[in-house]
Amino acid sequence: MLYTSTRDKSVRVPSAQAIVQGISKDGGLFVPTEIPKIDAGFIEALVPLDYISRAKKVLSLYLTDFTEEEIEMCVNGAYKDGKFSSKSVVPLVRYNENADILELWRGPTCAFKDVALQLLPYLLTVSVKKTVDGKTIVILVATSGDTGKAALEGFKNVPGTKIMVFYPNDGVSPMQKLQMATQEGDNVCVCAINGNFDDAQNGVKAIFTDKAVAERLDKNNMMFSSANSINWGRLVPQIVYYISAYCDLVAKGRIKNSDEINIVVPTGNFGNILAAYYAKRMGLPVRKLVCASNSNNVLTDFIKTGTYDKNRRFYLTTSPSMDILISSNLERLLFHLTGEDDETVRRLMSALSEDGKYTVDESVLSQLSEIFDAGFCDDKAAADTINKTFKNGYLLDTHTAVAVNVYDAYVQRTGDRTPTVIASTANPYKFSAAVLKAVAGDKAAEGLDEFEQVSRLIELTKVPCPPQLADLKSKKKRFEKCCDKRDMADAVYEMLGI
């Protein structure tokens, strides 16, 4: 299995090099040159296995330059020893007679990113030894909230690495900000920026592709890599949990092997739903992928019209991890849907950079319509969904509420009652104020600080708050620096001491 670049398909590198680099030198994203196939027999063999064993089987299809022992070490390190609060790592919970909620937030930072970011440091460590042994790997991350903390937690004190996270100062929840500000570890650093997530993401990409910056790092025996979903090592673990969820539905008798399912994903950067797309391309029986957006509905419009246009109002919402107008992983999808036409991808990405928009041709739009459906909802609709779903016995976070709302609207609009998996991406206590207001009214959070809101939400819902969030109250803040987006490279130099 080799990997190529979305902007230069002459590139051929093994997975270890793709993981270490994070992004191709031409600015493109690494994708597999072929997508491995699975069938009903493969799925049948996975059904009786636990999550760890399933992960080893699926990852071995993509990481062919890793030995069986290396994959086993990586997967065991990520998912054993009580790092996840569920033995099944990503449990399924019944939503209604046709749908199940896939709880992806049972890891140490209470966000779906943990599933990949507990594994990535192990994959990266093995990859470094195979490719650039002896160099210090500098992990550079832009976050809209959850990736940052999950990456910091995954890479803290990992030998041979340093990690720096940038986040929009006014674009994350108070709990997310506190998680990052109190992060432990000798090799970690966090910096807010004056701007939104797209500014942070563009700044990180610019640093990655700046030759002068790369030369400065090289002189100090360092090199960049990424923990964002632009890194294939972040994306490939996410493919596993959609295949595993299908196996769990079979094991529970909810479907028969080979029955089709739908998958609904709340997404901003398009990585989580792209992983579901890869699972479908592999042969997982998926009928529709439903893309759920908040008021920043650039993806909804793209899937429905074929025009991607970031020139629109930017909303700060109660689902901040989706407050994104430039969805980086969409580039990978475009590469596949254009028949691996790197010239077209370069042209579209250039148009996005220069004009803020592009339009795909009828062939790509037709494929989009066949594979995907899309919808969005605003904060009020998400709050109403949290309220309604809680009355039925389940407490949603704001992002998963967007997915549930879009799913309900999809069923009502289409009548499609195909068994469905709804990706749940965060624990509700990461967004206590918004969830409390949704459950008890707009005035319920007035005059209460973050942890008083948590206490009130516990009192009202009887749903416990994960200790890793509750314990933040007593932790000391380590990182409170904020810089302008133009100064991000200098902030990296300062962190590295070079």
Considering non-hydrogen atoms only, spot the tightest contact between [X] and [Y] and give its length.
X: Cys191; Y: Met164; value: CB-CE, 3.8 Å
X: Leu460; Y: Leu436; value: CD1-CD1, 3.6 Å
X: Ser229; Y: Arg332; value: O-NH1, 2.9 Å
X: Gly171; Y: Leu316; value: CA-CD2, 4.1 Å
X: Asn157; Y: Asn187; value: N-OD1, 2.7 Å
X: Ser225; Y: Leu124; value: OG-CD1, 4.1 Å

Review point. Please, which pairs that meet side-chain hydrogen bond (donor to acceptor under 3.5 Å, both in side chains) have at least one residue in residues 71-81, sequence neighbours excluded?
Key: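 Those involving residues 71-81 are Lys56-Asn76.
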Review point. According to the side-chain hydrogen bond (donor to acceptor under 3.5 Å, both in side chains) rule, which pairs have a member within residues 458-477, sequence neighbours left out?
Key: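 Found Arg456-Glu459.
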Looking at side-chain heavy atoms only, is the closest gap between [X] and [Y] below 4.5 Å?
X: Val406; Y: Val290; value: yes
X: Phe30; Y: Ile19; value: no
X: Gln238; Y: Val115; value: no
X: Val264; Y: Val421; value: no
X: Leu217; Y: Asn220; value: no
X: Val411; Y: Asn98; value: no
X: Asp301; Y: Asp309; value: no
X: Ile193; Y: Tyr167; value: no

So, the side chain of [X] versus the backbone of [Y]: is there a donor-acceptor pair under 3.5 Å, distance only?
X: Tyr407; Y: Ala292; result: no
X: Asp198; Y: Leu325; result: yes
X: Thr389; Y: Thr385; result: yes
X: Arg234; Y: Ala227; result: yes
X: Asn231; Y: Ser226; result: yes
X: Ser127; Y: Leu123; result: yes
X: Thr143; Y: Gly148; result: yes
X: Asn297; Y: Phe376; result: no
X: Thr420; Y: Ile263; result: no
X: Ser327; Y: Phe270; result: no

Point to revise | Electrostatic pair Lys135-Asp218, nearest N-O below 4.0 angstrom | key: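 Salt bridge flag = yes for Asp218 with Lys135.
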Review point. Could Lys380 and Asp384 be called an ion pair, given the rule that one side-chain N must be under 4.0 Å from one carboxylate O?
Key: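 Judged by the 4.0 Å cut-off on N to carboxylate O distance, Lys380 and Asp384 do form a salt bridge.
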Point to revise | side-chain hydrogen bond (donor to acceptor under 3.5 Å, both in side chains) assessment of Ser328 paired with Lys205 | key: CA-CA 10 Å; Ser328 286; Lys205 279 189 172 182; 3.2 Å; yes
Any donor-acceptor pair under 3.5 Å linking the side-chain atoms of [Y] with those of [X]?
X: Gln176; Y: Lys149; result: no
X: Asn387; Y: Lys391; result: yes
X: Ser424; Y: Thr400; result: yes
X: Thr131; Y: Gln21; result: no
X: Gln17; Y: Lys130; result: no
X: Thr318; Y: Lys437; result: no
X: Thr6; Y: Glu331; result: yes

Check your understanding: When the ring planes of Tyr308 and Phe302 are compared, do they come out parallel, tilted or perpendicular, using 30° and 60° as the limits?
Key ->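 It falls in the perpendicular class, over 60°.
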Review point. What is the ring orientation for Tyr3 with Trp232, classed by angle as parallel under 30°, tilted 30 to 60°, or perpendicular over 60°?
Key: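 Taking Trp232 first and then Tyr3, their aromatic rings sit tilted (interplane angle of 30° to 60°).
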Nearest 0.5 Å, what's the [atom1]-[atom2] distance between [X] and [Y]?
X: Phe197; Y: Phe166; atom1: CZ; atom2: CZ; result: 13.0 Å
X: Lys430; Y: Leu178; atom1: NZ; atom2: CG; result: 11.5 Å
X: Asn329; Y: Leu29; atom1: CG; atom2: CG; result: 6.5 Å
X: Tyr51; Y: Ile243; atom1: OH; atom2: CD1; result: 9.5 Å
X: Ile498; Y: Met222; atom1: CD1; atom2: CE; result: 5.5 Å

Check your understanding: Phe112 and His399: aromatic ring centres closer than 6.0 Å?
Key ->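 Aromatic pair excluded; centres sit 6.0 Å or further apart.
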Point to revise | side-chain hydrogen bond (donor to acceptor under 3.5 Å, both in side chains) evaluation trace for Glu450 with Ser173 | key: CA-CA 10 Å; Glu450 183 72 12; Ser173 77; 5.6 Å; no
Exercise for review: Give the intermediate values and the outcome of salt bridge (charged side-chain N to carboxylate O under 4.0 Å, His left out) for residues Asp199 and Lys485.
Suggested key: CA-CA 7 Å; Asp199 294 323; Lys485 55 188 178 183; 3.4 Å; yes
Point to revise | Residue pair Tyr95, Asn392: steps toward the side-chain contact (heavy atoms from CB on, under 4.5 Å) verdict | key: CA-CA 9 Å; Tyr95 171 59; Asn392 290 331; over 6 Å; no
Exercise for review: Just do the side-chain hydrogen bond (donor to acceptor under 3.5 Å, both in side chains) check on Asp248 and Tyr241 with the steps written out, would you?
Suggested key: CA-CA 10 Å; Asp248 284 342; Tyr241 53 63; over 6 Å; no
Review point. Got a sec: does the CG of Asp186 have more than 12 other heavy atoms crowding it under 6.0 Å?
Key: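 Not buried by this count: 12 neighbours or fewer within 6.0 Å.
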Point to revise | Within 6.0 angstrom of Glu452 CD, more than 12 heavy atoms from elsewhere | key: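 Correct, the count exceeds 12.
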Check your understanding: For Glu446, which residues count as a side-chain hydrogen bond (donor to acceptor under 3.5 Å, both in side chains) partner, sequence neighbours excluded?
Key ->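 Partners of Glu446 by the side-chain hydrogen bond (donor to acceptor under 3.5 Å, both in side chains) criterion come out as none, since no residue qualifies.
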Exercise for review: Run through Asn405, Asp323, Asp378 and flag the one making a side-chain hydrogen bond (donor to acceptor under 3.5 Å, both in side chains) with Asn294.
Suggested key: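 Output: one option passes, namely Asp323.
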Point to revise | Verdict with supporting geometry, Asp146 and Thr109, side-chain contact (heavy atoms from CB on, under 4.5 Å) | key: CA-CA 8 Å; Asp146 287 335; Thr109 77; over 6 Å; no
Practice item. Please report the C-alpha distance between Gln183 and Lys156 in whole Å, then the side-chain angles of each, then the deciding distance to 0.1 Å, and finally whether the side-chain contact (heavy atoms from CB on, under 4.5 Å) criterion is met. Key: CA-CA 9 Å; Gln183 177 64 45; Lys156 72 175 182 183; 3.6 Å; yes
